[in-house]
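Source: prediction; values computed, not measured.
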Amino acid sequence: MSILKYLDLIIPSEWNKVRLATIANIIDPEPSHRAPALADGEGFPYIGIRDVNNDGTVNTVTARPIKEESLIEQEKRFKIDDGDLIFCRVATLGNPKIIKIDKRVALSATLALIKPKREKVNNIFLLYLLDSDYIKLQTELYSTGSTRKSLGMETIRKFEVLVPPLDIQNAIAEYLFEKMTVLDNIIEGKKRSIELLEQQRQSIITEAVTKGLNPNVKMKDSGVEWIGEIPEHWNVTKIKYNTYVKGRIGWQGLKSDEFVDEGPYLVTGTDFKNGYVEWSTCYHISEERYNEAPPIQLKENDLLITKDGTIGKLAIVKDMPSKAILNSGVFVTRPVNEKYLSEYMYWLLSSNVFDKYISLMETGSTIKHLYQETFVNFSYPLPSLKEQEEIVKCLNMKINDIDNIAHLVKEQILKLKEYRQSLIYEAVTGKIDVREMELD
DNA sequence: CCACGTAGAGATGCCCGCTG
DNA sequence: CAGCGGGCATCTCTACGTGG
(Lines give C-alpha, C1' and ligand atoms only; values in the text may rest on other atoms or scores of the structure.)
Protein backbone atom coordinates (compact mmCIF):
# COMPACT_ATOMS: atom_id res chain seq x y z
CA MET A 1 0.00 0.00 0.00
CA SER A 2 2.65 2.47 1.02
CA ILE A 3 4.43 4.01 -1.90
CA LEU A 4 7.56 4.54 0.13
CA LYS A 5 8.22 0.89 0.71
CA TYR A 6 8.71 0.47 -3.03
CA LEU A 7 11.57 2.86 -2.83
CA ASP A 8 14.61 1.33 -1.31
CA LEU A 9 14.63 3.66 1.64
CA ILE A 10 16.16 3.14 5.03
CA ILE A 11 14.85 6.01 7.08
CA PRO A 12 16.79 7.25 10.11
CA SER A 13 14.95 6.36 13.29
CA GLU A 14 14.07 9.90 14.34
CA TRP A 15 12.31 10.57 11.01
CA ASN A 16 8.55 10.15 10.70
CA LYS A 17 6.39 9.09 7.83
CA VAL A 18 3.27 11.24 7.75
CA ARG A 19 0.63 12.54 5.37
CA LEU A 20 1.26 15.94 3.87
CA ALA A 21 -1.90 17.22 5.58
CA THR A 22 -0.32 16.63 8.98
CA ILE A 23 2.40 19.18 8.41
CA ALA A 24 0.56 21.68 6.26
CA ASN A 25 -2.89 23.02 5.49
CA ILE A 26 -3.75 22.52 1.86
CA ILE A 27 -6.25 24.92 0.41
CA ASP A 28 -8.10 24.80 -2.89
CA PRO A 29 -8.07 28.47 -3.84
CA GLU A 30 -11.15 28.32 -6.02
CA PRO A 31 -13.45 25.37 -5.48
CA SER A 32 -15.75 24.73 -8.41
CA HIS A 33 -19.08 26.55 -8.56
CA ARG A 34 -17.13 29.54 -7.50
CA ALA A 35 -15.54 30.42 -10.80
CA PRO A 36 -14.20 33.95 -10.68
CA ALA A 37 -16.00 36.67 -12.54
CA LEU A 38 -13.70 38.00 -15.26
CA ALA A 39 -13.13 41.68 -15.47
CA ASP A 40 -12.93 43.27 -18.90
CA GLY A 41 -9.66 45.15 -18.95
CA GLU A 42 -8.89 46.47 -15.48
CA GLY A 43 -9.14 44.18 -12.49
CA PHE A 44 -7.13 42.10 -10.05
CA PRO A 45 -4.61 39.51 -11.24
CA TYR A 46 -5.81 35.92 -11.30
CA ILE A 47 -2.62 33.91 -10.95
CA GLY A 48 -2.00 30.61 -12.77
CA ILE A 49 1.25 28.66 -12.81
CA ARG A 50 2.43 30.47 -15.95
CA ASP A 51 2.24 33.75 -14.04
CA VAL A 52 4.64 32.61 -11.31
CA ASN A 53 8.34 33.21 -11.93
CA ASN A 54 11.04 30.77 -10.83
CA ASP A 55 11.78 32.79 -7.70
CA GLY A 56 8.13 32.71 -6.66
CA THR A 57 7.32 36.30 -7.57
CA VAL A 58 4.19 36.74 -9.60
CA ASN A 59 3.86 38.34 -12.99
CA THR A 60 0.74 40.45 -12.73
CA VAL A 61 1.06 41.54 -16.36
CA THR A 62 0.48 38.09 -17.89
CA ALA A 63 -2.23 37.19 -15.39
CA ARG A 64 -5.79 37.73 -16.52
CA PRO A 65 -7.90 40.19 -14.57
CA ILE A 66 -10.88 39.30 -12.38
CA LYS A 67 -13.43 41.48 -10.70
CA GLU A 68 -12.79 42.66 -7.18
CA GLU A 69 -15.86 40.79 -5.82
CA SER A 70 -14.23 37.47 -6.78
CA LEU A 71 -11.02 38.46 -5.07
CA ILE A 72 -12.83 39.51 -1.91
CA GLU A 73 -14.64 36.19 -1.90
CA GLN A 74 -11.31 34.37 -2.05
CA GLU A 75 -9.84 36.58 0.65
CA LYS A 76 -12.71 35.65 2.93
CA ARG A 77 -11.56 32.05 2.76
CA PHE A 78 -7.83 32.50 3.33
CA LYS A 79 -4.93 34.88 3.24
CA ILE A 80 -1.65 34.22 1.46
CA ASP A 81 1.08 34.50 4.08
CA ASP A 82 4.83 34.90 3.66
CA GLY A 83 6.41 31.53 3.05
CA ASP A 84 3.29 29.81 1.70
CA LEU A 85 3.80 27.40 -1.19
CA ILE A 86 1.88 26.72 -4.34
CA PHE A 87 1.62 23.35 -6.07
CA CYS A 88 0.12 22.97 -9.53
CA ARG A 89 -2.54 20.28 -9.77
CA VAL A 90 -3.58 20.39 -13.43
CA ALA A 91 -1.63 19.75 -16.65
CA THR A 92 1.77 20.84 -15.34
CA LEU A 93 1.74 18.83 -12.17
CA GLY A 94 3.79 19.88 -9.19
CA ASN A 95 6.24 22.70 -9.90
CA PRO A 96 6.24 23.86 -6.25
CA LYS A 97 7.30 27.39 -5.41
CA ILE A 98 7.34 29.61 -2.37
CA ILE A 99 5.00 32.32 -3.53
CA LYS A 100 5.95 35.95 -3.02
CA ILE A 101 3.32 38.61 -3.50
CA ASP A 102 3.41 42.30 -2.83
CA LYS A 103 -0.12 43.15 -3.90
CA ARG A 104 -3.59 41.70 -3.81
CA VAL A 105 -3.94 38.71 -6.15
CA ALA A 106 -6.24 35.71 -6.45
CA LEU A 107 -4.99 32.18 -7.07
CA SER A 108 -6.36 30.05 -9.90
CA ALA A 109 -8.26 26.85 -9.24
CA THR A 110 -5.40 24.97 -10.86
CA LEU A 111 -3.11 25.76 -7.93
CA ALA A 112 -3.17 24.30 -4.45
CA LEU A 113 -2.03 26.66 -1.73
CA ILE A 114 0.12 24.94 0.86
CA LYS A 115 0.40 26.63 4.23
CA PRO A 116 3.13 24.96 6.29
CA LYS A 117 2.42 24.41 9.97
CA ARG A 118 5.48 26.22 11.18
CA GLU A 119 5.77 24.30 14.44
CA LYS A 120 6.11 21.11 12.40
CA VAL A 121 7.88 22.02 9.21
CA ASN A 122 10.47 24.37 7.76
CA ASN A 123 8.93 25.78 4.58
CA ILE A 124 12.16 25.69 2.59
CA PHE A 125 12.61 22.06 3.56
CA LEU A 126 9.01 21.52 2.42
CA LEU A 127 9.75 23.21 -0.90
CA TYR A 128 12.58 20.79 -1.68
CA LEU A 129 10.58 17.88 -0.37
CA LEU A 130 7.75 18.69 -2.79
CA ASP A 131 10.29 18.99 -5.61
CA SER A 132 11.85 15.60 -4.81
CA ASP A 133 11.55 12.50 -6.93
CA TYR A 134 9.51 10.59 -4.39
CA ILE A 135 6.80 13.25 -4.53
CA LYS A 136 7.06 13.31 -8.34
CA LEU A 137 6.51 9.56 -8.28
CA GLN A 138 3.35 9.95 -6.20
CA THR A 139 2.21 12.78 -8.45
CA GLU A 140 2.52 10.54 -11.50
CA LEU A 141 0.96 7.51 -9.87
CA TYR A 142 -2.04 9.24 -8.38
CA SER A 143 -2.89 11.74 -11.09
CA THR A 144 -6.11 11.02 -12.95
CA GLY A 145 -7.56 11.92 -16.32
CA SER A 146 -6.59 10.83 -19.81
CA THR A 147 -6.31 13.84 -22.08
CA ARG A 148 -5.44 16.01 -19.14
CA LYS A 149 -3.76 15.01 -15.93
CA SER A 150 -5.10 16.34 -12.70
CA LEU A 151 -4.48 15.81 -9.02
CA GLY A 152 -7.33 15.82 -6.55
CA MET A 153 -7.00 17.91 -3.41
CA GLU A 154 -7.45 14.85 -1.23
CA THR A 155 -4.66 13.10 -3.12
CA ILE A 156 -2.30 15.93 -2.36
CA ARG A 157 -3.31 15.92 1.30
CA LYS A 158 -2.59 12.20 1.40
CA PHE A 159 0.90 12.41 -0.10
CA GLU A 160 3.27 10.39 2.04
CA VAL A 161 6.14 12.50 3.24
CA LEU A 162 9.17 11.88 5.40
CA VAL A 163 9.86 14.42 8.08
CA PRO A 164 12.79 14.65 10.47
CA PRO A 165 12.80 16.79 13.63
CA LEU A 166 12.80 20.53 12.99
CA ASP A 167 16.49 21.09 13.70
CA ILE A 168 17.41 18.54 11.06
CA GLN A 169 14.93 20.08 8.65
CA ASN A 170 16.55 23.45 9.21
CA ALA A 171 19.97 21.98 8.51
CA ILE A 172 18.72 20.26 5.33
CA ALA A 173 16.99 23.44 4.18
CA GLU A 174 20.16 25.45 4.69
CA TYR A 175 22.34 22.81 3.04
CA LEU A 176 20.10 22.42 0.00
CA PHE A 177 19.55 26.14 -0.37
CA GLU A 178 23.29 26.75 -0.58
CA LYS A 179 23.89 23.77 -2.87
CA MET A 180 21.01 24.68 -5.15
CA THR A 181 22.10 28.28 -5.40
CA VAL A 182 25.53 27.14 -6.53
CA LEU A 183 24.15 24.52 -8.90
CA ASP A 184 21.62 26.87 -10.41
CA ASN A 185 24.36 29.42 -11.01
CA ILE A 186 26.50 26.81 -12.75
CA ILE A 187 23.59 25.72 -14.91
CA GLU A 188 22.83 29.35 -15.77
CA GLY A 189 26.49 29.85 -16.67
CA LYS A 190 26.45 26.81 -18.96
CA LYS A 191 23.34 28.11 -20.67
CA ARG A 192 25.06 31.41 -21.21
CA SER A 193 28.12 29.74 -22.66
CA ILE A 194 25.91 28.01 -25.20
CA GLU A 195 24.65 31.43 -26.24
CA LEU A 196 28.24 32.65 -26.47
CA LEU A 197 29.19 29.67 -28.61
CA GLU A 198 26.30 30.49 -30.90
CA GLN A 199 27.56 34.06 -31.24
CA GLN A 200 31.09 32.86 -31.78
CA ARG A 201 29.86 30.48 -34.46
CA GLN A 202 28.19 33.35 -36.30
CA SER A 203 31.18 35.65 -36.03
CA ILE A 204 33.60 32.99 -37.27
CA ILE A 205 31.43 32.39 -40.32
CA THR A 206 30.97 36.10 -40.95
CA GLU A 207 34.66 36.84 -40.48
CA ALA A 208 35.62 34.12 -42.95
CA VAL A 209 33.25 35.23 -45.72
CA THR A 210 34.05 38.92 -45.39
CA LYS A 211 37.77 38.91 -44.56
CA GLY A 212 39.07 35.57 -45.76
CA LEU A 213 41.67 33.57 -43.90
CA ASN A 214 44.72 35.76 -44.23
CA PRO A 215 44.76 38.33 -41.41
CA ASN A 216 47.48 40.43 -43.07
CA VAL A 217 45.73 41.07 -46.33
CA LYS A 218 45.08 44.64 -47.39
CA MET A 219 41.45 45.72 -47.01
CA LYS A 220 39.19 48.04 -48.92
CA ASP A 221 35.73 49.46 -48.38
CA SER A 222 33.18 47.35 -50.20
CA GLY A 223 30.83 50.30 -50.57
CA VAL A 224 27.96 48.13 -49.36
CA GLU A 225 26.34 48.85 -46.01
CA TRP A 226 25.84 45.24 -44.88
CA ILE A 227 29.29 44.03 -45.95
CA GLY A 228 31.76 46.60 -44.67
CA GLU A 229 35.45 46.12 -45.46
CA ILE A 230 36.70 43.26 -47.62
CA PRO A 231 40.13 42.17 -48.91
CA GLU A 232 41.39 44.35 -51.73
CA HIS A 233 41.46 41.56 -54.29
CA TRP A 234 37.86 40.42 -53.63
CA ASN A 235 34.89 41.52 -55.70
CA VAL A 236 31.34 42.41 -54.80
CA THR A 237 28.71 40.69 -56.88
CA LYS A 238 25.00 39.95 -56.77
CA ILE A 239 23.08 36.71 -56.57
CA LYS A 240 21.47 37.39 -59.96
CA TYR A 241 24.79 37.52 -61.83
CA ASN A 242 25.88 33.99 -60.94
CA THR A 243 22.86 32.13 -59.71
CA TYR A 244 19.79 30.38 -61.00
CA VAL A 245 16.92 31.12 -58.59
CA LYS A 246 13.43 29.63 -58.84
CA GLY A 247 10.53 29.02 -56.48
CA ARG A 248 7.17 27.37 -56.81
CA ILE A 249 5.66 30.60 -57.98
CA GLY A 250 2.36 30.87 -59.75
CA TRP A 251 1.55 27.66 -57.98
CA GLN A 252 0.41 25.62 -60.94
CA GLY A 253 -2.64 25.16 -58.73
CA LEU A 254 -0.90 22.61 -56.50
CA LYS A 255 -2.75 22.02 -53.23
CA SER A 256 -1.83 20.03 -50.18
CA ASP A 257 -4.61 17.47 -50.69
CA GLU A 258 -2.71 16.28 -53.76
CA PHE A 259 0.19 15.18 -51.56
CA VAL A 260 0.58 11.41 -51.75
CA ASP A 261 2.74 8.70 -50.19
CA GLU A 262 4.71 7.74 -53.26
CA GLY A 263 6.21 9.31 -56.31
CA PRO A 264 8.60 12.24 -56.70
CA TYR A 265 9.69 13.88 -53.44
CA LEU A 266 8.20 17.26 -52.55
CA VAL A 267 10.67 19.26 -50.49
CA THR A 268 9.69 22.07 -48.14
CA GLY A 269 11.44 24.01 -45.38
CA THR A 270 10.37 21.69 -42.58
CA ASP A 271 12.35 18.91 -44.26
CA PHE A 272 15.62 20.79 -43.75
CA LYS A 273 17.71 19.12 -41.04
CA ASN A 274 21.17 20.36 -40.11
CA GLY A 275 21.82 21.83 -43.53
CA TYR A 276 20.59 18.84 -45.52
CA VAL A 277 17.28 17.59 -46.85
CA GLU A 278 15.73 14.92 -44.66
CA TRP A 279 14.14 12.81 -47.38
CA SER A 280 12.12 10.60 -45.04
CA THR A 281 9.81 13.42 -43.91
CA CYS A 282 9.03 14.72 -47.40
CA TYR A 283 5.61 14.45 -48.98
CA HIS A 284 5.30 13.13 -52.50
CA ILE A 285 3.39 14.20 -55.59
CA SER A 286 2.32 12.59 -58.82
CA GLU A 287 4.60 12.17 -61.80
CA GLU A 288 2.37 14.56 -63.83
CA ARG A 289 2.80 17.31 -61.27
CA TYR A 290 6.53 16.72 -61.25
CA ASN A 291 6.74 17.03 -65.03
CA GLU A 292 4.62 20.16 -64.99
CA ALA A 293 7.30 22.38 -63.46
CA PRO A 294 10.79 21.67 -64.79
CA PRO A 295 12.23 24.96 -63.42
CA ILE A 296 11.95 23.70 -59.85
CA GLN A 297 12.98 20.08 -60.33
CA LEU A 298 15.93 19.48 -58.05
CA LYS A 299 19.46 18.38 -58.87
CA GLU A 300 22.25 17.06 -56.67
CA ASN A 301 24.13 19.88 -54.88
CA ASP A 302 21.38 22.45 -55.30
CA LEU A 303 21.24 24.92 -52.43
CA LEU A 304 17.75 25.50 -51.03
CA ILE A 305 16.64 28.47 -48.96
CA THR A 306 13.33 29.10 -47.20
CA LYS A 307 11.49 32.27 -48.14
CA ASP A 308 8.10 32.31 -46.37
CA GLY A 309 7.62 32.58 -42.64
CA THR A 310 10.99 31.13 -41.71
CA ILE A 311 13.50 33.06 -43.76
CA GLY A 312 16.96 31.93 -44.69
CA LYS A 313 16.94 28.34 -43.44
CA LEU A 314 19.32 26.44 -45.71
CA ALA A 315 19.82 22.95 -47.04
CA ILE A 316 22.07 21.38 -49.64
CA VAL A 317 20.55 18.64 -51.80
CA LYS A 318 22.60 15.48 -51.25
CA ASP A 319 21.94 11.79 -51.86
CA MET A 320 18.67 12.47 -53.67
CA PRO A 321 16.84 9.11 -53.50
CA SER A 322 14.88 9.74 -56.71
CA LYS A 323 13.16 12.59 -58.53
CA ALA A 324 12.44 15.57 -56.28
CA ILE A 325 10.76 18.94 -56.69
CA LEU A 326 10.13 22.03 -54.60
CA ASN A 327 7.06 22.77 -52.56
CA SER A 328 6.22 26.40 -51.87
CA GLY A 329 8.12 28.52 -49.41
CA VAL A 330 11.52 27.54 -50.77
CA PHE A 331 13.86 28.79 -53.48
CA VAL A 332 16.19 26.47 -55.34
CA THR A 333 19.54 28.01 -56.25
CA ARG A 334 22.29 26.70 -58.46
CA PRO A 335 25.48 28.29 -59.86
CA VAL A 336 25.08 29.23 -63.54
CA ASN A 337 28.74 29.87 -64.19
CA GLU A 338 31.79 28.56 -62.41
CA LYS A 339 32.04 31.55 -60.08
CA TYR A 340 31.21 29.96 -56.74
CA LEU A 341 30.89 26.68 -54.85
CA SER A 342 27.48 25.69 -53.45
CA GLU A 343 29.05 24.97 -50.07
CA TYR A 344 30.60 28.43 -50.04
CA MET A 345 27.20 29.96 -50.76
CA TYR A 346 25.83 27.91 -47.88
CA TRP A 347 28.25 29.54 -45.44
CA LEU A 348 27.80 32.98 -46.97
CA LEU A 349 24.01 32.81 -46.57
CA SER A 350 24.46 31.51 -42.99
CA SER A 351 26.54 34.54 -42.12
CA ASN A 352 25.54 37.81 -40.50
CA VAL A 353 26.11 39.53 -43.84
CA PHE A 354 22.97 37.94 -45.21
CA ASP A 355 21.04 38.37 -41.93
CA LYS A 356 21.86 42.06 -41.93
CA TYR A 357 20.71 42.42 -45.52
CA ILE A 358 17.43 40.65 -44.73
CA SER A 359 16.71 42.82 -41.72
CA LEU A 360 17.40 45.94 -43.78
CA MET A 361 15.02 44.78 -46.50
CA GLU A 362 12.27 43.60 -44.17
CA THR A 363 8.92 45.15 -44.92
CA GLY A 364 6.28 46.06 -42.36
CA SER A 365 3.95 43.30 -43.48
CA THR A 366 2.63 40.85 -40.90
CA ILE A 367 4.19 37.79 -42.44
CA LYS A 368 7.88 37.68 -43.19
CA HIS A 369 8.94 36.83 -46.73
CA LEU A 370 12.08 36.74 -48.73
CA TYR A 371 11.01 38.03 -52.12
CA GLN A 372 12.78 36.79 -55.19
CA GLU A 373 13.50 40.36 -56.17
CA THR A 374 15.13 41.04 -52.80
CA PHE A 375 17.10 37.82 -52.85
CA VAL A 376 18.59 38.16 -56.35
CA ASN A 377 19.71 41.69 -55.58
CA PHE A 378 21.70 40.63 -52.53
CA SER A 379 25.23 42.03 -52.94
CA TYR A 380 27.92 39.90 -51.41
CA PRO A 381 31.71 39.66 -51.40
CA LEU A 382 33.23 36.89 -53.50
CA PRO A 383 36.81 35.59 -53.46
CA SER A 384 38.39 33.30 -56.05
CA LEU A 385 37.32 29.67 -56.33
CA LYS A 386 40.57 28.55 -54.76
CA GLU A 387 40.10 30.82 -51.76
CA GLN A 388 36.48 29.70 -51.44
CA GLU A 389 37.64 26.13 -51.27
CA GLU A 390 40.05 26.96 -48.44
CA ILE A 391 37.41 28.89 -46.54
CA VAL A 392 34.88 26.07 -46.88
CA LYS A 393 37.44 23.58 -45.61
CA CYS A 394 38.35 25.79 -42.68
CA LEU A 395 34.75 26.53 -41.72
CA ASN A 396 33.68 22.90 -41.96
CA MET A 397 36.35 22.10 -39.42
CA LYS A 398 35.93 25.03 -37.03
CA ILE A 399 32.15 24.99 -37.01
CA ASN A 400 32.12 21.26 -36.50
CA ASP A 401 34.31 21.79 -33.43
CA ILE A 402 32.03 24.47 -32.03
CA ASP A 403 28.94 22.37 -32.61
CA ASN A 404 30.59 19.47 -30.80
CA ILE A 405 31.45 21.65 -27.83
CA ALA A 406 27.93 23.07 -27.70
CA HIS A 407 26.59 19.53 -27.75
CA LEU A 408 28.85 18.59 -24.84
CA VAL A 409 27.77 21.59 -22.79
CA LYS A 410 24.13 20.72 -23.39
CA GLU A 411 24.81 17.23 -22.09
CA GLN A 412 26.55 18.69 -19.03
CA ILE A 413 23.46 20.75 -18.29
CA LEU A 414 21.34 17.62 -18.39
CA LYS A 415 23.76 15.85 -16.06
CA LEU A 416 23.74 18.78 -13.66
CA LYS A 417 19.97 18.78 -13.57
CA GLU A 418 20.00 15.07 -12.80
CA TYR A 419 22.54 15.69 -10.06
CA ARG A 420 20.33 18.45 -8.67
CA GLN A 421 17.38 16.07 -8.44
CA SER A 422 19.42 13.31 -6.82
CA LEU A 423 20.92 15.68 -4.28
CA ILE A 424 17.48 16.88 -3.26
CA TYR A 425 16.24 13.32 -3.07
CA GLU A 426 19.10 12.14 -0.92
CA ALA A 427 18.88 15.09 1.44
CA VAL A 428 15.13 14.96 2.02
CA THR A 429 15.12 11.20 2.55
CA GLY A 430 17.94 11.20 5.04
CA LYS A 431 20.35 9.31 2.81
CA ILE A 432 22.98 11.90 3.51
CA ASP A 433 23.45 13.38 6.94
CA VAL A 434 23.74 17.06 6.20
CA ARG A 435 25.06 17.83 9.66
CA GLU A 436 28.22 16.02 8.69
CA MET A 437 28.48 17.74 5.35
CA GLU A 438 30.77 20.67 4.80
CA LEU A 439 29.18 23.66 3.21
CA ASP A 440 31.62 25.18 0.82
C1' DC B 1 -14.06 16.10 -6.41
C1' DC B 2 -13.53 13.95 -10.81
C1' DA B 3 -13.07 14.00 -15.65
C1' DC B 4 -12.62 16.14 -19.65
C1' DG B 5 -11.39 19.67 -24.38
C1' DT B 6 -9.92 23.98 -25.70
C1' DA B 7 -8.52 29.03 -25.85
C1' DG B 8 -4.92 32.10 -27.04
C1' DA B 9 -0.64 33.18 -28.92
C1' DG B 10 2.93 32.57 -31.95
C1' DA B 11 5.02 30.50 -35.91
C1' DT B 12 4.97 29.50 -40.61
C1' DG B 13 3.45 26.66 -44.48
C1' DC B 14 0.35 27.14 -48.03
C1' DC B 15 -2.22 29.66 -51.26
C1' DC B 16 -4.62 33.72 -53.63
C1' DG B 17 -5.33 37.19 -56.73
C1' DC B 18 -3.36 41.34 -58.79
C1' DT B 19 -0.42 43.40 -62.32
C1' DG B 20 2.99 44.70 -65.76
C1' DC C 1 -0.87 35.09 -68.04
C1' DA C 2 3.50 34.22 -65.74
C1' DG C 3 5.28 35.93 -61.89
C1' DC C 4 5.08 38.27 -57.90
C1' DG C 5 3.64 40.62 -53.54
C1' DG C 6 0.94 39.76 -49.93
C1' DG C 7 -1.77 37.43 -46.24
C1' DC C 8 -4.86 33.71 -44.54
C1' DA C 9 -5.26 29.24 -42.43
C1' DT C 10 -3.48 25.86 -39.82
C1' DC C 11 -0.41 23.77 -36.73
C1' DT C 12 2.00 23.73 -32.32
C1' DC C 13 2.55 24.78 -27.71
C1' DT C 14 1.07 25.70 -23.17
C1' DA C 15 -1.64 25.93 -19.50
C1' DC C 16 -6.18 26.65 -18.29
C1' DG C 17 -11.99 26.29 -16.48
C1' DT C 18 -16.27 23.94 -15.43
C1' DG C 19 -20.25 20.66 -15.84
C1' DG C 20 -21.73 16.61 -13.75
Side-chain angles (χ1 to χ4, degrees), chain A residues 21 26-39 45-53 58-59 61-66 70 74 86-95 97 106-112 142-158 240 244-259 266-272 281-283 285 289 292-296 304-313 315 325-332 358 361-377:
Chain A
I26 294 135
I27 299 168
D28 183 345
E30 201 70 60
S32 54
H33 309 301
R34 283 208 193 204
L38 290 180
Y46 184 70
I47 303 294
I49 192 69
R50 68 156 73 116
D51 308 312
V52 184
N53 302 321
V58 296
N59 185 343
V61 179
T62 55
R64 59 196 202 114
I66 54 163
S70 307
Q74 194 175 85
I86 52 159
F87 193 85
C88 189
R89 50 187 216 92
V90 173
T92 316
L93 300 176
N95 214 346
K97 287 173 182 136
L107 296 181
S108 151
T110 55
L111 300 174
Y142 300 139
S143 64
T144 53
S146 49
T147 57
R148 259 169 63 175
K149 302 265 178 226
S150 61
L151 270 178
M153 292 302 293
E154 275 317 297
T155 314
I156 297 177
R157 293 192 179 104
K158 283 182 183 155
K240 62 181 170 191
Y244 171 86
V245 178
K246 286 286 171 196
R248 181 174 284 274
I249 282 163
W251 271 94
Q252 295 97 11
L254 179 68
K255 292 195 178 157
S256 51
D257 49 19
E258 285 180 56
F259 296 174
L266 185 68
V267 180
T268 191
T270 39
D271 306 316
F272 293 8
T281 58
C282 294
Y283 292 115
I285 52 167
R289 279 299 196 183
E292 203 172 68
I296 51 170
L304 310 182
I305 179 164
T306 57
K307 65 178 190 69
D308 297 342
T310 317
I311 289 178
K313 194 173 162 188
I325 195 164
L326 280 191
N327 196 355
S328 68
V330 182
F331 286 133
V332 53
I358 292 297
M361 294 299 153
E362 232 162 49
T363 60
S365 112
T366 44
I367 293 136
K368 302 250 183 291
H369 292 286
L370 173 59
Y371 300 121
Q372 186 152 340
E373 177 68 12
T374 309
F375 183 55
V376 297
N377 279 310

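When distances are taken from the side chain of A:S150 to each of B:dC4, C:dC16, B:dC14, the shortest belongs to B:dC4. Residue A:T110 places its side chain closer to C:dG17 than to any other of C:dA15, C:dG17, C:dG7. Distance from the side chain of A:T155 is smallest to B:dC2 among B:dC2, C:dT18, B:dC15. Looking at the side chain of A:S108, the nearest of the listed nucleotides B:dG13, C:dA15, C:dG17 is C:dG17. Which of C:dG17, C:dA15, C:dG5 sits closest to the side chain of A:Y371 comes down to C:dG5. For A:T270, counting side-chain heavy atoms from C-beta on, the closest listed nucleotide (C:dG17, B:dC14, B:dG13) is B:dG13. When distances are taken from the side chain of A:R50 to each of B:dC15, C:dT14, C:dT18, the shortest belongs to C:dT14.
Whole-Å rounding puts the A:L93 CG to B:dC2 P distance at 13 Å. Regarding A:K307, its NZ atom lies at a distance of 10 Å from the C1' atom of B:dG13, rounded to whole Å. What separates CZ of A:F375 from C1' of C:dG5 is a distance of 17 Å, to the nearest Å. The separation between A:I49 atom CD1 and C:dC16 atom P is 7 Å, rounded to whole Å. Atom OH in A:Y46 sits roughly 15 Å away from atom P in B:dG8 (whole-Å rounding). Spacing between atom CG of A:D51 and atom P of C:dC16 amounts to 7 Å, rounded to whole angstrom units. B:dC2 atom P lies 8 Å from atom CD of A:E154, rounded to whole Å. The distance between atom CG of A:L326 and atom P of C:dG3, rounded to the nearest whole Å, is 15 Å.
Shown here are the side chain to side chain contact (heavy atoms under 4.5 Å, CB included) partners of A:T110, two or more places apart in sequence or in another chain: A:V90, A:S108. Listed by chain and number, the residues in a salt bridge (charged side-chain N to carboxylate O under 4.0 Å, His left out) with A:E154 are A:R157 (sequence neighbours excluded).
Of all non-hydrogen atoms in A:L107 and A:Y46, the two that sit nearest each other are O-CE1, 3.7 Å. When all heavy atoms of A:K313 and A:G269 are compared, the pair lying nearest together is NZ-O, 3.3 Å. Scanning all heavy atoms of the two residues, the minimum distance from A:M153 to A:I27 falls at CE-C, 3.6 Å.
Along DNA chain B, the nucleotide closest to A:T268 and the one closest to A:G152 are compared, and the more 5′ of them pairs with A:G152. Toward the 5′ end of DNA chain C lies the nearest nucleotide of A:E373, the other residue of the pair A:E373 and A:I47 mapping further downstream. For the pair A:R157 and A:V90, nearest-nucleotide mapping onto DNA chain B gives the more 5' position to A:R157.
Contact annotation: side chain of A:N327 to base of B:dC14, donor-acceptor pair absent below 3.5 Å.
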